[in-house]
2 protein chains.
Amino acid sequence: MANHMGFQAPTHDHKRCVSSALENAEEKSRVLGLRFTKTRRKVLEVLWQSHNPLGAYEILDRLQKDGRRPAPMVVYRALDFLLEAGLAHKISSCKTFIGCSTPDENHEAQFLICESCGSAAEVAGQPLAEALEKTAASAGFKINQRVVEIIGVCPNCQA
Amino acid sequence: MANHMGFQAPTHDHKRCVSSALENAEEKSRVLGLRFTKTRRKVLEVLWQSHNPLGAYEILDRLQKDGRRPAPMVVYRALDFLLEAGLAHKISSCKTFIGCSTPDENHEAQFLICESCGSAAEVAGQPLAEALEKTAASAGFKINQRVVEIIGVCPNCQA
DNA sequence: ACATAAAACGTTATGATATAACAATACATA
DNA sequence: TATGTATTGTTATATCATAACGTTTTATGT
């Protein structure tokens, strides 16, 4: 599988990321009986143009190059679908969206976000999830959803 | 100290939360040579009307009751100051703001947010911070800032 | 006390993000 | 092919946030 956690080397074969992401999406949709329509596919494609999360209006800009600029609703609706289906994630602190790199697992996303190059990487949730669980438990809190967004400098930009 | 981590019992003496928060803010500003002006104080007071985070325009609504409605800039500027001074925090995923319950420590805030009653509580960052540090380190990532917002049901609402 | 510079404020305008509502179309399936 | 449901297209509008600029307040040196 081409998609995986952590930051990609600048030299990685990005086409494989894209094709594998789209194939995964097709497959997941097929299995779950979801409708992976043209618009939804296009939006996911745009999200996968890079490993940088995009704002909804940036997505619109990029769709435009490929025809007439759709209304914002079009993108937000497609995003709703992708989020719901676990094919993309929202990064709240940046008001951006990114393709999910591990859509086959049923996970909550936790992100490392580089201030320098803008790229973002999903990280393994397990150890974090445990720490969160412990913290919550000690406050008597029942967790439904986690937002974990770590901002800093990625390995590529440190070098 | 009246302010502390975790969810408050519905019966707690909230006036003490407010007065202690405002006193802490005065003191911290004095020590650091910051200007805790009238507007900034009012906004912090409004934030402390409850333990529920408020949107910027909700804050405006509440300031209005106490005179003429200020322009949004007024509130956003005061919030900038309060965030900068560590007297308040932003909760990105809800686009809201909340008074900091432990402004004397130099900490990053991590929140439990109740979907049922809307209240939010800061939680001790140390164990979480360690888990985050570990996760980041293993990806070669240098952390500058953390956004941790756990959504679920608080102990009061479970009962 | 007065001049000066920096910080804060008031105000207007505008940018950026997101959703409501409803008519038209495509799709699944009986 | 009829029917209900999901999706799309479109217009309008709500919500969140900042730019820019002139005025006022405040801290500080003289």
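Numbered from 1 within each chain, the chains take letters A, B, ... in sequence-line order. If you're wondering where the values come from, they're calculated on a predicted model, not measured in any experiment.
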So, is B:Thr37 close to the C:dC9 phosphate, meaning a side-chain N or O under 4.0 Å from OP1 or OP2? yes

Under the salt bridge (Lys or Arg N to Asp or Glu O under 4.0 Å) rule, what pairs show up with a residue in residues 83-99 of chain B, not counting sequence neighbours? none

Closest heavy-atom pair, A:Leu44 versus A:Gly99, reported as atoms and distance to 0.1 Å, is CD1-CA, 4.4 Å

Show me the protein contacts with nucleotides 15-18 of chain C, counting only N or O atoms at under 3.5 Å.
unit_1 : atom_1 : unit_2  : atom_2 : d
C:dA18 : OP1    : A:Lys90 : NZ     : 2.8
C:dA18 : OP2    : A:Tyr76 : OH     : 2.9
C:dA18 : O5'    : A:Tyr76 : OH     : 3.4
C:dA18 : N7     : A:Tyr57 : OH     : 2.8

So SG of B:Cys17 and CD of B:Gln49: to nearest 0.5 Å the spacing works out to 13.5 Å

Please answer: with hydrophobic residues joined when any side-chain heavy atoms are less than 4.5 Å apart, are A:Ile143 and A:Val147 in the same cluster? no

Using a cut-off of less than 4.0 Å, is there contact between a side-chain N or O of B:Arg68 and OP1 or OP2 of C:dT11? yes

Determine which pairs satisfy side chain to side chain donor-acceptor pair (under 3.5 Å) with at least one residue from residues 149-159 of chain B, sequence neighbours left out, and list them in order. B:Ser93-B:Glu149

Heavy-atom contacts, protein to nucleotides 21-29 of chain C, under 4.0 Å, summarised as B (base), S (sugar-phosphate only) or - (none) per nt, yield B-----S--

If you look at every heavy atom in B:Leu60 and B:Pro72, which pair is closest and at what distance? CD1-CA, 3.7 Å

Indicate yes or no for a side-chain donor-acceptor contact from B:His14 to the backbone of B:Trp48 under 3.5 Å, with no hydrogens or angles considered. yes

Measure the distance from NZ on B:Lys38 to C1' on C:dA7 and round it to the nearest whole Å. 18 Å

Kindly state each residue pair satisfying ring-ring contact (aromatic ring centres under 6.0 Å, His included) with at least one member in residues 126-148 of chain A, sequence neighbours excluded. A:Phe141-B:Phe7

State, to the nearest 10°, the angle formed by the axis through the first five base pairs of the helix from C:dA1-D:dT30 to C:dA30-D:dT1 and the axis through its last five. 40°

Side-chain donor/acceptor of A:Asn52 to backbone N/O of A:Cys117, under 3.5 Å: yes

Using heavy-atom distances to pick each residue's nearest nucleotide on DNA chain C, tell me which of B:Leu34 and B:Ala71 is more 5'. B:Leu34

Sequence neighbours excluded, every pair satisfying ring-ring contact (aromatic ring centres under 6.0 Å, His included) that has a member inside residues 82-105 of chain B: B:His89-B:His107, B:His89-B:Phe111

Is it the case that the side chain of A:Glu108 and the backbone of A:Arg146 share a donor-acceptor pair, with hydrogens and angles ignored and the cut-off at 3.5 Å? yes

Could you pull out all residues at least two apart from A:Leu34 that satisfy side-chain contact (heavy atoms from CB on, under 4.5 Å)? A:Ser29, A:Leu32, A:Phe81, A:Ala85

For residues 111-118 of chain B, which residues have at least one heavy atom under 4.0 Å from DNA chain C? none

Select from A:Val74 and A:Phe81 the residue whose nearest nucleotide in DNA chain D is closer to the 5' end of that strand. A:Phe81

In the structure I gave you, are the side-chain heavy atoms of B:Arg62 and B:Leu54 within less than 4.5 Å of one another anywhere? yes

Between the main-chain N or O of B:Gly55 and the side-chain N or O of B:Glu58, is there a donor-acceptor pair closer than 3.5 Å? yes

Which two nucleotides bound the region of DNA chain D that has atoms under 4.0 Å from heavy atoms of chain A, read 5' to 3'? D:dA6 to D:dA17

Which residue pairs pass the salt bridge (Lys or Arg N to Asp or Glu O under 4.0 Å) test when at least one of the two sits in residues 26-35 of chain A, sequence neighbours left out? A:Glu26-A:Arg41, A:Glu27-A:Arg30

What is the distance, rounded to the nearest whole Å, between atom CG of A:Leu60 and atom P of C:dT19? 14 Å

Applying ring-ring contact (aromatic ring centres under 6.0 Å, His included) as the test, list every pair that has at least one member in residues 114-137 of chain A; sequence neighbours left out. none

